[in-house]
Asker: 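Questions regarding the structure given below will be posed in turn.
Residue numbers start from 1 in every chain, and the chains themselves are labelled A, B, ... in the order their sequence lines are given, proteins ahead of strands. Just so you know, these numbers use all the heavy atoms, side chains as well, and skip hydrogens, waters and symmetry mates.
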There are 2 protein chains.
Amino acid sequence: MTDQPKFAQIKQHIIDKIRAGAWQENQRVPSENELSDQFQVSRMTARRALSELTESGVLTRSQGLGTFVASFKSQSSLLEIRNIADEVKERGGNYTCIVLSLESISAIAPIAIALGVEMDSLVYRSIIVHNENDAPLQVEERFVNPALAPEYLQQDFSQTTPHEYLTQVAPLTEARHTVEAIMPNEEICQWLDMFNEEPCLQVIRRTWSSHGIVSFARLISSGSKYRLGGHLTFKK
Amino acid sequence: MTDQPKFAQIKQHIIDKIRAGAWQENQRVPSENELSDQFQVSRMTARRALSELTESGVLTRSQGLGTFVASFKSQSSLLEIRNIADEVKERGGNYTCIVLSLESISAIAPIAIALGVEMDSLVYRSIIVHNENDAPLQVEERFVNPALAPEYLQQDFSQTTPHEYLTQVAPLTEARHTVEAIMPNEEICQWLDMFNEEPCLQVIRRTWSSHGIVSFARLISSGSKYRLGGHLTFKK
DNA sequence: AAGTGGTCTAGACCACCAG
DNA sequence: TGGTGGTCTAGACCACTTA
């Protein structure tokens, strides 16, 4: 308890004050100099406590003015989108997958646009079902820019996931996601082994490498079996 | 361009190397001492560049070993769940809301459990529809622990949102979310003004203050009008 | 002008990991 | 034992804000 680093002790002190309500939203907290006096540390150490709490969204700072307790109103919480294979393994499930399709197709307009290639040019497409304990959990339809991953079709995706392979051959520099609720079509119902139509979570992910758009993936999971989770806390 | 802070220039240099593929996944990057020699800066400055890139997930460090390019495989991407009023205002829409219900009810089992109160005890409930340009975008059903916000029912939620009010009277210390796809019931269809049944995104949010669970909210949005977005990049 | 945060230096000691 | 990252110090100069 007591042999925590000094900057961590100061962080904890600030968090305690906020939790206890002693320092309210938008109220000023002690300056770097005040803290370094109070805790008998150098300014750099006090500064580190304030900087890290600012980074994690607990405080806001502005030059010349001071440091303040952040207003919760403006806080946005974060949700994780994780690798589904890792998730399954982490909760002790048995992860398997089935490659339903691995081919090259002619890009219709929306695919061509999403991948940044010419319309009707050839692109690669894979469809893979991810299973947990042999029950389908998520279907992944992925379109790949052949210029950036020419050997995509030769891979064995029952051993290594497309995402893993692609990050090796074309280092990832950027990714964008959207999440929405959709009704699956009949095909997807079959793949996910759903008897009745039920709503699904659809994650659309586009990934970039330094040479352009690498791939465009639709990850569809049954709404009742899969959910995204997030957690926001003040303990850190 | 050239009058960036030194630590930022070093960060950019490292990112450039990774983007260009010169430094591959899991490969070692220069140590603090090597960077401070190379860039003619103090070790603290080189250290800051490495620390910040580690914090943002680009690098991983371990004491005694060195600093390495993080593997993308293990990276999880983050999605934001934001205050809907802020979101609407930010994109230039006109935000309004309608309070459909504000009352105290008897807690049935799942509500009592979620709020951590006795079954059949009184809890507060509000139902509010959030509009963008007078069209319903999201409905918020919220259950509130009366012990932590006794005057909840007296508030005017057309002026201040429940979330705003609650963070004032019971400072937030923790929040948990789940996101799933659901089919709305008839009631929700009415509130959201949907003619046909369509899938919806449902965010469940529980918030804690230092004295316990403050509230439990269901935020339901039409799948076709609302989506969550996320972005992961190397530019920062 | 005084106080704030933002950047930076040139040292220091420590814990950890390798050969 | 030497190199690495982790913590810390006691200064310094600057840009910014308020009075």
Asker: Between A:Gln40 (side chain only) and A:Ser36 (backbone N and O only), is there a donor and an acceptor less than 3.5 Å apart?
Answerer: no

Asker: Determine whether B:Ser126 and B:Tyr152 make a side-chain contact, defined as any pair of heavy atoms from C-beta on separated by less than 4.5 Å.
Answerer: yes

Asker: Between atom CG in A:Leu59 and atom P in C:dT4, what is the gap in whole Å?
Answerer: 16 Å

Asker: Closer to the 5' end of DNA chain C via nearest nucleotide, is it A:Ser51 or B:Gly64?
Answerer: A:Ser51

Asker: May I ask you to verify if any side-chain N or O of B:Ser62 is less than 4.0 angstrom from the OP1 or OP2 atom of C:dC17?
Answerer: no

Asker: Using heavy-atom distances to pick each residue's nearest nucleotide on DNA chain D, tell me which of B:Met44 and B:Val29 is more 5'.
Answerer: B:Val29

Asker: Expressed in angstrom and rounded to an integer, what is the separation of B:Asn33 atom CG from D:dG6 atom C1'?
Answerer: 13 Å

Asker: When you check the phosphate oxygens OP1 and OP2 of D:dA10, does a side-chain N or O of A:Ser42 lie under 4.0 Å from one of them?
Answerer: no

Asker: Mapping B:Arg43 and B:Arg48 onto DNA chain C by nearest heavy atom, which one lands closer to the 5' end?
Answerer: B:Arg48

Asker: Distance from A:Lys11 atom NZ to A:Glu52 atom CD, nearest 0.5 Å?
Answerer: 4.0 Å

Asker: I want to check one thing: is the phosphate of C:dG5, taken as OP1 and OP2, less than 4.0 Å away from some side-chain N or O of A:Thr67?
Answerer: yes

Asker: Taking the side chain as every heavy atom from C-beta outward, state whether B:Phe216 and B:Val144 have any atom pair closer than 4.5 Å.
Answerer: no

